[in-house]
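So the structure is just underneath, and the comments pick up after that.
Quick note: residue numbers are just sequence positions, from 1. Predicted, not measured: the structure shown is a model, and the values here were computed from it. All values below were derived from every heavy atom in this structure, side-chain atoms included, with hydrogens, water molecules and symmetry-related copies excluded. Ligands are counted one by one from 1 in listed order, and the atoms in each one are counted from 1 as well.
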Amino acid sequence: MSDRPAATLLDGRALAAQIEANLADEVQTFTDMFKRPPRLVVVLVGDMAASASYVKSKAAAAARVGIDAEVVRVPATADTLALVALVKSIARDEHGPADGILVQLPLPAHVDTVAVLDAVPPDRDVDGFHPENAGLLSQGRARFIPCTAAGVQRMLLDAGIETAGRHAVIIGRSDIVGKPLALLLSAKGPGGDATVTLCHSRSADMAAITRQADILVAAVGRPGLVTASMVKPGAAVIDVGINRVTAPDGTSRLTGDVDFESVRGVASWITPVPGGVGPLTVAMLLANTALAAELRSRGG
Ligand code: GUN
């Protein structure tokens, strides 16, 4: 055991509440001006418990800040053509004004996810998944930044964790989190200017790489992947994983990709799961929806 004090907890719930309070004012101004609130339409396909629970959190958070959110539920049997047609009809405002459109992932295996996501017009793509938005982010002129990546950067900025010149190691190369976060942390400016390494399932001797990280982000969805021996003393450890694990007695709980109890003795900052990055992802979605409404009202 070291005599290092346990890591400071990065409280995502408290920061998300602050962001929501600021957004509520912005949303009120929009609503007064345009005589309607910003509006988000969420497509939920099938009845996966995790997706249903995330969508419920998103709708509840939208209501708290005055954004109107509608959830369009579709049976798991819907095929690619039907889903593309649905997204296009939403984009024609046939389900009411749709400033932001979000298709909750994952989609059932028989669906071509890329085809469905590409049907979301880039100016309403509050997830930031459309190739146009990914391209803008890669060129340092982001419009909609994928919500989880934006939330991680916001958390680092809020906690005063220096990124400039530091080594950030991200585990996981997904289009949703790992890749956009690598772009954000390596971009010029506040919350950026880091040296970034992106690790993945084919990385050799990953622990040797993660031990060099001043900022270590785990975003793969494998419970307990990051253990204390993989962490540099004093690092900031950000856990993006949300895994439901079931104990032999049938009870289940949420846990991240980081072995929290061991790592908190080595790191200087650590995010809990739940209550870390998750609430920020939702807050960033609301911010993107407010931005989409404002951009659309200005005609661009
Ligand atoms: N499923 C897990 N994370 C996300 C996300 O950020 N956006 C969408 N649309 N689906 C998800």
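When the side chains of ILVMFWY residues are joined at heavy-atom separations under 4.5 Å, either directly or via intervening members, V177 and Y54 end up in two distinct hydrophobic clusters.
Of all heavy-atom pairs spanning P38 and V27, the tightest one is CD-CG1, 3.8 Å. Here the closest non-hydrogen pair linking V126 and I101 is CG2-O, 3.8 Å.
Listed by chain and number, the residues in a salt bridge (charged side-chain N to carboxylate O under 4.0 Å, His left out) with R173 amount to none (sequence neighbours excluded). Residues forming a side chain to side chain contact (heavy atoms under 4.5 Å, CB included) with I161 (at least two apart in sequence, or on another chain): L10, L156, A159, I215, A236, W269. Partners of R39 according to the side chain to side chain contact (heavy atoms under 4.5 Å, CB included) rule, which considers only residues two or more places apart in sequence or in another chain, are R36, V41, D68, E70, P97, D99.
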Could you go through ligand 1 and note, for every N or O atom, any protein N or O atom closer than 3.5 angstrom, writing the atom names and distance to 0.1 Å, or 'none'?
unit_1, atom_1, unit_2, atom_2, d
ligand 1, 1 (N), Q104, NE2, 3.3
ligand 1, 1 (N), L105, O, 3.0
ligand 1, 7 (N), D127, OD1, 3.0
ligand 1, 7 (N), D127, OD2, 3.3
ligand 1, 9 (N), V103, O, 2.8
ligand 1, 9 (N), D127, OD2, 2.6
ligand 1, 10 (N), L105, N, 3.0

